[in-house]
Structures are given as structure tokens and as C-alpha cells.
Amino acid sequence: MADEIVTISEMAKMHHLTRQTLIYYDHIGLLKPVSINEHGYRYYSVYQIPVLREICLLKKLGVKLEDIKKSFENRSPDTVIRLLELQKDSVDKQIQELNKTRMHLEQRIRFYENLHEEHPIHTPLITEIGPRKILFVPFPCEPCKNILHLTLMRAWNQLFDWGTVPSSGFGTLIRRSQFDSEDLYRGAGIFVVVPDQEYNFPGIEEIPGGIFACMYKYSFPYYKNDFVTLKEWTESQGYDIIGDALDLCLLDTTFYNSEHEVDYCCLQIPVKKRSS
């Protein structure tokens with residue numbers, strides 16, 4: 001009979017567990033010892049080894065202890081298959097979420113890597129930019145620092161509610177219809193660039209790719225004088241404006257230093273060469 005009894009320490013060691021783990025399994029009714037002596041020492045039967053071995057296997061596969069316990073209450077090949085299929089479905093969902101997180105990490109890395117390219121500051125230039133999809137949220141009034149932050153958080157929370165992450169930048173969008181108006185910011189708002197795979201949401205707009213007049217600058221992404229400067233330069237160079245302006249924030253307040261205490265932005269206006 002003694003050969004059939006295993007101490008708690010022996011049982012724990014052979015399964016690479018701690019004594020505290022086996023005590024916890026006893027408390028939750030998952031695996032109880034066959035006896036406890038007057039000193040409180042727990043003893044197990046060798047015939048419980050296959051049970052604990054299966055518990056360890058299922059736990060390694062990620063199955064919750066409560067589900068493992070239920071599986072032993074009505075154990076058959078069919079119930080175990082069902083348990084493992086449910087765990088496989090759960091793992092598949094985790095893989096999908098991890099792949100999505102990986103995609104957002106790659107986008108965020110590329111966003112910052114692009115900043116290694118040096119550009120002349122406050123000097124207009126013409127460049128080509130690919131198509132983008134954005135979430136647009138209008139400003140409740142003329143933008144300032146507080147309005148910018150509050151509106152941006154509305155946009156971010158909307159994306160979080162949809163299960164996505166704002167990993168590719170944000171800025172201010174100014175409507176082309178207001179370019180020559182005294183009320184420049186009428187209809188303006190925050191835009192957040194979203195992944196191409198995640199655009200079937202309300203409020204998503206597409207920004208066509210093409211030629212843009214651009215100006216890299218240290219200022220806030222709603223500064224009117226910058227817009228006027230780039231607009232006047234664009235027109236003087238023989239270009240027609242063909243779409244909304246985007247003032248993309250590249251480095252925000254989290255990157256301020258002793259040299260710059262304003263945002264680093266890239267103002268972008270879509271254009272085409274004027275016919276002669």
C-alpha cells in the first residue's frame with residue numbers, strides 16, 4: 001500500500017509544480033489528495049498521476065482551470081474534443097488580435113522612421129504622396145490647443161471603440177471650399193490616418209494620392225499663417241489646388257525640447273499643374 005502513496009512534494013516535483021499549486025488545486029476541488037494526516041500533510045495515490053498529468057497538459061494548452069475541472073466531471077473523448085476545439089477557437093482569435101497589434105506596431109515604426117529623412121523647414125516643395133484613408137471628426141469651434149486635444153481624443157476613442165489603433169498619425173483637415181473664405185476653419189476638423197484594412201466605419205474618408213504642395217514646419221497643425229504661405233506659393237508656381245489641405249502632426253508635445261516647444265508638422269495641399 002505504501003508504494004501506492006505519493007507525498008505532495010513528490011507529486012509536485014514529478015509534474016514540475018510547486019506544493020502551493022497542488023494545495024490550490026485541492027482548495028478549488030480540481031485534485032484532492034487521498035488523505036491528509038493529523039499534521040496536515042497531503043498524500044496522493046499513484047493512480048492520480050495520470051489525472052494531474054492531463055491537468056498539466058490542458059493547462060499548458062491554455063485551458064482555464066474551471067473548464068478543466070468541468071471536463072473531469074463528464075469526461076469522454078467527445079467532451080475533450082469539444083473542450084480542445086473551443087480552446088483552438090480562442091487561440092485563433094488571439095492570433096488575429098496579435099497580428100493586428102503587430103501591424104499597428106509596424107505602422108508606428110514606419111511613421112517614425114520616415115522622420116529620418118531631412119526636409120528644409122518652412123520651405124515649400126512639391127512631392128508625391130500615396131492614397132490614405134482617414135477618420136474625420138469636425139472641430140466644435142475654431143481650433144486652438146485645447147480644442148485640438150479634445151477633438152483628437154474624440155477621434156481616438158472612436159477608433160478604440162471600433163477595436164483599432166491610431167498608429168499612423170493625425171492632424172487638421174481644412175476644407176477646400178473655405179480656402180478663400182474669411183471663415184477658414186468652417187467645416188475643419190481632426191483627421192486620423194487609419195489602416196487600409198480598417199476603413200468600413202462611419203466618418204471614414206479617402207484622400208486620393210497624387211501631387212502635393214508641402215511645407216515642413218515647427219508650429220501647430222492649425223496655424224493659419226502657414227496655410228496662407230503655402231497656398232500663395234502654390235498659386236504663384238502655376239499650380240491649381242484640387243482638394244482639402246492636411247496639416248499632419250509628425251512630432252507632438254511629447255517630443256518638445258529646449259530647441260522646439262511646438263509641434264513638428266507637414267502641411268500638405270493637393271495640386272495639379274495649371275494648363276498653360
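Since the model is a prediction, treat every value here as computed from it, not as a measurement. We count residues from 1, following the sequence as given. In what follows, every heavy atom counts, from backbone to side chain, and hydrogens, waters and symmetry copies are set aside.
Taking both residues in full, the closest heavy atoms of Val262 and Ser219 are given as CG2-N, 3.7 Å, listed atom of the first, atom of the second, then distance. The nearest pair of heavy atoms linking Leu135 to Ala155 is CD2-O, 3.6 Å. In terms of heavy atoms, Ala12 sits closest to Leu22 at N-CD1, 3.6 Å.
Residue pairs meeting the side-chain hydrogen bond (donor to acceptor under 3.5 Å, both in side chains) criterion with at least one member in residues 138-149, sequence neighbours excluded, do not occur. Residue pairs that meet the side-chain hydrogen bond (donor to acceptor under 3.5 Å, both in side chains) test with at least one member in residues 48-68, sequence neighbours left out, are Glu54-Arg75.
Atom CZ of Phe179 has more than 12 heavy atoms from other residues, nucleotides or ligands within 6.0 Å. No more than 12 heavy atoms of other residues, nucleotides or ligands sit less than 6.0 Å from atom NZ of Lys13. For CZ of Phe160, the number of neighbouring non-hydrogen atoms (other residues, nucleotides, ligands) closer than 6.0 Å is greater than 12. When the shell of 6.0 Å around CD of Glu118 is examined, it contains 12 or fewer heavy atoms from other residues, nucleotides or ligands. Open room surrounds CH2 on Trp156; 12 or fewer heavy atoms of other groups in view lie less than 6.0 Å from it. Residue Phe111 places its CZ atom among more than 12 non-hydrogen atoms of other residues, nucleotides or ligands, all under 6.0 Å distant.
The main-chain N or O of Ile68 is found under 3.5 Å from a side-chain atom of Ser71 such that the two form a donor-acceptor pair. With hydrogens and angles ignored, the 3.5 Å screen pairs a side-chain donor or acceptor of Lys32 with a backbone N or O of Asp26. Side chain of Thr172 to main chain of Pro221: a donor-acceptor pair is present (N/O by atom type, distance under 3.5 Å, no hydrogens or angles). Judged by distance alone, with hydrogens and angles left aside, the side-chain atoms of Gln87 form a donor-acceptor pair with the main-chain N or O of Leu61 at under 3.5 Å.
Side-chain contact between Ile8 and Tyr43: absent, with no pair of heavy atoms (C-beta onward) separated by less than 4.5 Å. Contact of the Ile49 side chain with the Tyr44 side chain is not registered, since no non-hydrogen atoms from C-beta on lie closer than 4.5 Å.
Judged as a side chain to side chain donor-acceptor pair (under 3.5 Å), and not counting sequence neighbours, the contacts of Glu10 are Thr7. For the side chain to side chain contact (heavy atoms under 4.5 Å, CB included) test, residues two or more places apart in sequence or in another chain that qualify with Thr123 are Pro120. Partners of Thr79 by side chain to side chain donor-acceptor pair (under 3.5 Å), not counting sequence neighbours, listed by chain and number: Ser76.
Comment: Asp180 engages Lys231 in a salt bridge, judged by a side-chain N to carboxylate O separation of less than 4.0 angstrom. For the pair Lys93 and Glu97, the salt-bridge criterion is not met [side-chain N within less than 4.0 Å of a carboxylate O]. Ion pair Asp92/Lys88 flagged as a salt bridge, since at least one NZ, NE, NH1 or NH2 atom sits closer than 4.0 Å to an Asp/Glu carboxylate oxygen.
Atoms CD1 and CZ, from Ile207 and Phe191 in turn, are 7.5 Å apart once rounded to the nearest 0.5 Å. Atom CG in Leu173 sits 10.5 Å away from atom CD in Gln268 (nearest 0.5 Å). Between the OG atom of Ser168 and the CZ atom of Arg110 there is a distance of 7.5 Å, given to the nearest 0.5 Å. The OG1 atom of Thr101 sits 11.5 Å away from atom CD of Gln96, with the distance rounded to the nearest 0.5 Å. The distance from the OH atom of Tyr25 to the CE atom of Met11 is 11.5 Å, given to the nearest 0.5 Å. Remark: Thr21 OG1 to Leu31 CG distance equals 12.0 Å, nearest 0.5 Å.
Both tests pass for Arg132 against the ring of Phe212: distance under 6.0 Å to the centre and angle within 45° of the axis.
Between Tyr218 and Tyr264, the gap from one ring centroid to the other is short of 6.0 Å. In this structure, the ring of Phe227 has its center no less than 6.0 angstrom from the ring center of Tyr185.
Checking Ser90 against Gln94 by side-chain atom types alone, a donor-acceptor pair falls below 3.5 Å. A donor and an acceptor atom, one from each side chain of Tyr256 and Asp263, are located under 3.5 Å apart. No side-chain N or O of Ser181 forms a donor-acceptor pair with one of Asp183 less than 3.5 Å apart.
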Would you be so kind as to tabulate the donor-acceptor pairs closer than 3.5 Å made by side chains of residues 238-246, with sequence neighbours excluded?
{"from": "Asp240", "atom 1": "OD1", "to": "Arg274", "atom 2": "NE", "distance (Å)": "3.0"}
{"from": "Asp244", "atom 1": "OD1", "to": "Arg176", "atom 2": "N", "distance (Å)": "2.8"}
{"from": "Asp244", "atom 1": "OD2", "to": "Arg175", "atom 2": "NH1", "distance (Å)": "2.8"}

